[in-house]
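These numbers come from the heavy atoms of this one structure, side chains and all, not from hydrogens, waters or symmetry mates.
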Amino acid sequence: MALIIPTAQSTFGDATSVPGGHLSSYVLAQLPGKAELSWVSDMRSLLVTDELKWKLFKERREWLQAKSDLWKRVRSSMKSATLAGVLSQRAIL
């Protein structure tokens, strides 16, 4: 397995699981220190949550994308992100 060394100022990660509780995948996003991240607090406020999680985002994705100003800022930040995905060997897809 490759070693991922955080070199960014901001690192975000989330995991998903399959029925039965086995970890199926993990996604890590690293953003440079110059990335504009004001959208994170704005999105947390809109979703009424302290932590952004994939499940909640997935449920509200279309609604969030309709907020064009917010969505433009999210996409702009993600252009500078380094993404890494890990798929568990035990996952059943």
Contact check, side chains of L56 and E59, non-hydrogen atoms, under 4.5 Å:
yes
Which pair of non-hydrogen atoms, one from L31 and one from M78, has the smallest distance, and what is that distance?
CD2-CE, 3.8 Å
Could you give all pairs that pass the side-chain hydrogen bond (donor to acceptor under 3.5 Å, both in side chains) test and reach residues 74-86, with sequence neighbours left out?
W39-S77
Sequence neighbours excluded, which residues qualify as side chain to side chain donor-acceptor pair (under 3.5 Å) partners of K67?
none
Could I get the full list of side-chain contact (heavy atoms from CB on, under 4.5 Å) partners for K53, not counting sequence neighbours?
D14, E51
How would you list, by chain and number, every residue that makes a side chain to side chain donor-acceptor pair (under 3.5 Å) with E36, sequence neighbours excluded?
S38
Side chain to side chain donor-acceptor pair (under 3.5 Å) with S68: which residues, sequence neighbours excluded?
none
Tell me, please, which residues at least two apart from D69 pass salt bridge (charged side-chain N to carboxylate O under 4.0 Å, His left out).
R73
NZ on K58 to NZ on K55, rounded to 0.5 Å:
8.5 Å
Could you state whether V48 and W63 fall into the same hydrophobic cluster, counting links through intermediate Ile, Leu, Val, Met, Phe, Trp or Tyr residues with side-chain heavy atoms under 4.5 angstrom apart?
no
Do you reckon L37 sits in the same ILVMFWY cluster as L83, going by side-chain contacts under 4.5 Å, direct or chained?
no
What is the distance from atom CG of L70 to atom CE of M43, rounded to the nearest 0.5 Å?
4.5 Å
Is T49 close to F57 at the side-chain level, that is, under 4.5 Å between some pair of heavy atoms?
no
Would you mind reporting whether L47 and L64 have side-chain heavy atoms less than 4.5 Å apart?
yes
